[in-house]
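Heads up, the thing below is written out as structure tokens.
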Amino acid sequence: MTHPQPHDLVGIGIGPANLSLAALAHTQPGLKAAWYEQRPAFHWHPGLLIEGATLQVPFLADLVTLADPTNPWSFLNYLRHHQRLYPFYFSERFHSPRAEYDDYCRWVSRQLPSLLFRHHIDAVRWNPEQALFDIDYTRLGPNGEAEAVGRSHARHLAIGIGTAPHVPEALRPLAERPVVPVVHSADYLDHREQLLDAGHITVIGSGQSGAEVFLDLLRRRPPGRERLHWITRTPAFAPMEYSKLGLEHFTPDYTRYFHALPEQRRDELVARQWQLHKAIDHETLAAIHDELYRHSIGGGWPDVILTPGVSVRTAGRLGTTQVELHLDHAEQGERSRLVTEAVVMATGYRERPLDPLLAALDPVLRRDAAGRVVVDEQYRLVLDREVTGSVYVQNAERHTHGVGAPDLGLVAHRSATILNALTGQERYPLPERSAFTTFGLRRPGAGGAGPGAAGSAQGVRRVSV
């Protein structure tokens, strides 16, 4: 099956980033777009939709509002559609439950006809004769089997394939052959009952996911018989930077400042800014302490060990019911051995590599000194001038745009920036200034959104719609 008429834009992957772009593009007359996703439907981190867990961003950080508050796919319109505006109003919630955000995104995804699920992208090539991208795909059946192959064509692409659970090298022997429960936190809910049946459970990692998993396990284990161990490499179970001025690192102003810095300086900054996005929400830390205190009522300490500053050097199995973790304590310079019956790896996520998907474009891709793709201010991959189409990336540009790349609060702004650049028109007026902080000695010009923004090293043929 083929699509003879080219699309103005084809999106690959349907997570929140490309769903935002699809929602904003849907209201633009004359813009022909399609979005491909290999999963059967939209789901956002289903293994971590723990009861009571909330987003770390306000409800205004939905798919569209911060670029277009009147858009029909706003979170407030979702509430209105479900006749829940007044309950939301009286609940005085600024941070929505995580399960509600997932439900909101699925509500949007069900109403956008340009979204094509169960489509696996096999290859992407630039066709110089037609000045189009050729996109080969396989349509999948209900059980993931191949049903048909096809090809579509597009003037521009938007890659939003997201991140994948990361398993550190030391823990891979456990994860590859999990005789005892060894799961990534991304799959926590699918394995929660099996984990709770274990005599002793170890949680590795102290980001927000690790804290939420530990808290959920603690709440479900009987006082005095918790048998929980929580370890992390970081020197403390650190709170996330959530001051109002600190949050200005997640503004378009900071993104522009960061993008203009030299590559080496950007890399140094990302490494230092872990507490902006890898630490733990204050409320979650408080809830953990409250729960530990509750478990101590009656005179005994809970059977819980929390140890920061510890890394797993190696890991292996002991028979069929236990695993052994060999630990290093950085500050003491000591080593120890921990035997446990279940492990939850809250070890974070890594950007899915673009290279397998864009292998045919590798000869025309510009790369930095570390071999990473170069991304311009408008979120375009920098390609040789012979490629006149644009490849936009979403949540694959932390090395060029900073810690805000995966943040939900910048999703709508990035989508609007892409659509403005793609059409060469200011379809979505964006703020010239978004932070009280001036990053650097001079505040960068607004740029980055409208037709007057600086272009990349490639030639770009914009779409007139």
Side-chain angles (χ1 to χ4, degrees), residues 8-13 17-18 21 121 123-135 153-163 252 254-271 350-406 410 414-415 417-424 444-445 447-463:
D8 297 314
L9 178 64
V10 159
I12 300 174
N18 262 353
L21 188 56
I121 302 302
V124 173
R125 293 179 302 277
W126 175 249
N127 187 326
E129 287 80 18
Q130 298 184 32
L132 295 170
F133 291 102
D134 294 336
I135 304 104
H153 311 279
R155 296 183 176 90
H156 305 287
L157 301 176
I159 312 296
I161 57 177
T163 57
Y254 183 76
T255 300
R256 286 191 293 267
Y257 162 77
F258 184 91
H259 189 272
L261 293 173
E263 176 186 335
Q264 181 180 351
R265 190 71 64 219
R266 293 198 303 253
D267 290 344
E268 293 170 355
L269 275 174
V270 168
R350 295 292 185 272
E351 295 172 357
R352 286 191 172 91
L354 299 176
D355 291 347
L357 179 64
L358 302 179
L361 297 178
D362 185 67
V364 297
L365 279 171
R366 303 283 184 88
R367 297 184 181 273
D368 65 14
R372 299 166 299 195
V373 292
V374 178
V375 186
D376 75 8
E377 195 174 359
Q378 284 77 48
Y379 303 96
R380 290 183 298 236
L381 297 183
V382 178
L383 309 169
D384 288 350
R385 290 184 178 277
E386 64 199 60
V387 180
T388 56
S390 296
V391 180
Y392 298 93
V393 293
Q394 305 223 61
N395 195 8
E397 71 284 359
R398 183 179 297 177
H399 62 292
T400 56
H401 287 68
V403 293
L410 283 170
R414 178 173 54 202
S415 294
T417 300
I418 290 172
L419 286 171
N420 288 350
L422 184 147
T423 62
S456 70
Q458 68 190 87
V460 178
R461 187 174 66 181
R462 294 187 169 94
V463 175

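Quick note: numbers below take in every heavy atom, side chains included, and nothing from hydrogens, waters or symmetry partners.
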(Q) Measuring only between side-chain heavy atoms, which start at C-beta, is Val375 closer than 4.5 Å to Arg380? (A) no
**Q.** Heavy-atom pair of closest approach, residues Ser415 and Ala17
**A.** OG-O, 3.7 Å
Q.
For Pro353 versus Pro356, what's the shortest heavy-atom pair and its separation?
A. O-CD, 3.5 Å
Q) Side chains of Ile135 and Leu157: closer than 4.5 Å at any heavy-atom pair? A) yes
(Q) With a 6.0 Å cut-off (strictly less than), is the heavy-atom count around CZ of Arg367, excluding the residue itself, greater than 12? (A) yes
Q: Would you please test Trp126 and Thr388 for side-chain contact (heavy atoms from CB on, under 4.5 Å) and show each step?
A: CA-CA 9 Å; Trp126 175 249; Thr388 56; 3.5 Å; yes
Q: Considering non-hydrogen atoms only, spot the tightest contact between Pro363 and Ala359 and give its length.
A: CD-O, 4.2 Å
**Q.** Contact check, side chains of Arg155 and Leu132, non-hydrogen atoms, under 4.5 Å
**A.** yes
Q: State, yes or no, whether a side-chain contact exists between Arg398 and Pro406 at a heavy-atom distance under 4.5 Å.
A: yes
Q. Rounded to the nearest 0.5 Å, how far does CG of Asn18 lie from CG of Leu9?
A. 8.0 Å
Q: Evaluate side-chain contact (heavy atoms from CB on, under 4.5 Å) for Ile121 paired with Ile161, printing each intermediate quantity in order.
A: CA-CA 11 Å; Ile121 302 302; Ile161 57 177; over 6 Å; no
(Q) Which residue is it: Val382, Asp267, Val374? I am looking for the one with a side-chain contact (heavy atoms from CB on, under 4.5 Å) to Asp368. (A) Val374
Q. Side-chain contact, heavy-atom cut-off 4.5 Å: Leu361 with Leu381?
A. no
Q | Gap between atom OH of Tyr392 and atom CG of Asp376 - 0.5 Å precision | A | 8.0 Å
Q.
If I compare all heavy atoms of Ser390 with all of His156, which pair ends up nearest, and what's the gap?
A. N-ND1, 2.9 Å
Q) Heavy-atom distance under 4.5 Å between the side chains of Leu21 and Gln394, does that happen here? A) yes
Q) Which heavy atom in Ala360 sits nearest to a heavy atom in Val124, and how many Å separate them? A) CB-O, 3.3 Å
Q.
Around atom CD of Gln264, are there more than 12 heavy atoms from other residues, nucleotides or ligands closer than 6.0 Å?
A. no
Q) Is Leu365 close to Leu383 at the side-chain level, that is, under 4.5 Å between some pair of heavy atoms? A) yes
Q.
Please report the interatomic distance CG(Leu410) to OH(Tyr254), rounded to the nearest 0.5 Å.
A. 12.0 Å
Q: Go through the steps to decide whether Glu377 and Arg256 satisfy the test side-chain contact (heavy atoms from CB on, under 4.5 Å), and finish with yes or no.
A: CA-CA 7 Å; Glu377 195 174 359; Arg256 286 191 293 267; 3.2 Å; yes
Q: May I ask you to test the Leu357-Arg352 pair for a side-chain heavy-atom distance under 4.5 Å?
A: no
**Q.** side-chain contact (heavy atoms from CB on, under 4.5 Å), paired with Tyr379, selected from Thr400, Thr417, Val391, Ile159
**A.** Thr417
Q) Does the Gln378 side chain pair with the main chain of Ala421, one donor and one acceptor, at a distance under 3.5 Å? A) no
Q: Report yes or no: does His399 contribute a side-chain atom to a donor-acceptor pair with the main-chain N or O of Val373 at less than 3.5 Å?
A: yes
Q.
Which heavy atom of Ala405 sits nearest to which heavy atom of Glu397, and what is that distance?
A. CB-OE2, 3.7 Å
**Q.** Audit row: His401, Arg414, side-chain contact (heavy atoms from CB on, under 4.5 Å) steps and yes/no
**A.** CA-CA 11 Å; His401 287 68; Arg414 178 173 54 202; over 6 Å; no
Q. Between Glu268 and Arg265, does a salt bridge (charged side-chain N to carboxylate O under 4.0 Å, His left out) hold up when you go through it step by step?
A. CA-CA 5 Å; Glu268 293 170 355; Arg265 190 71 64 219; 2.6 Å; yes
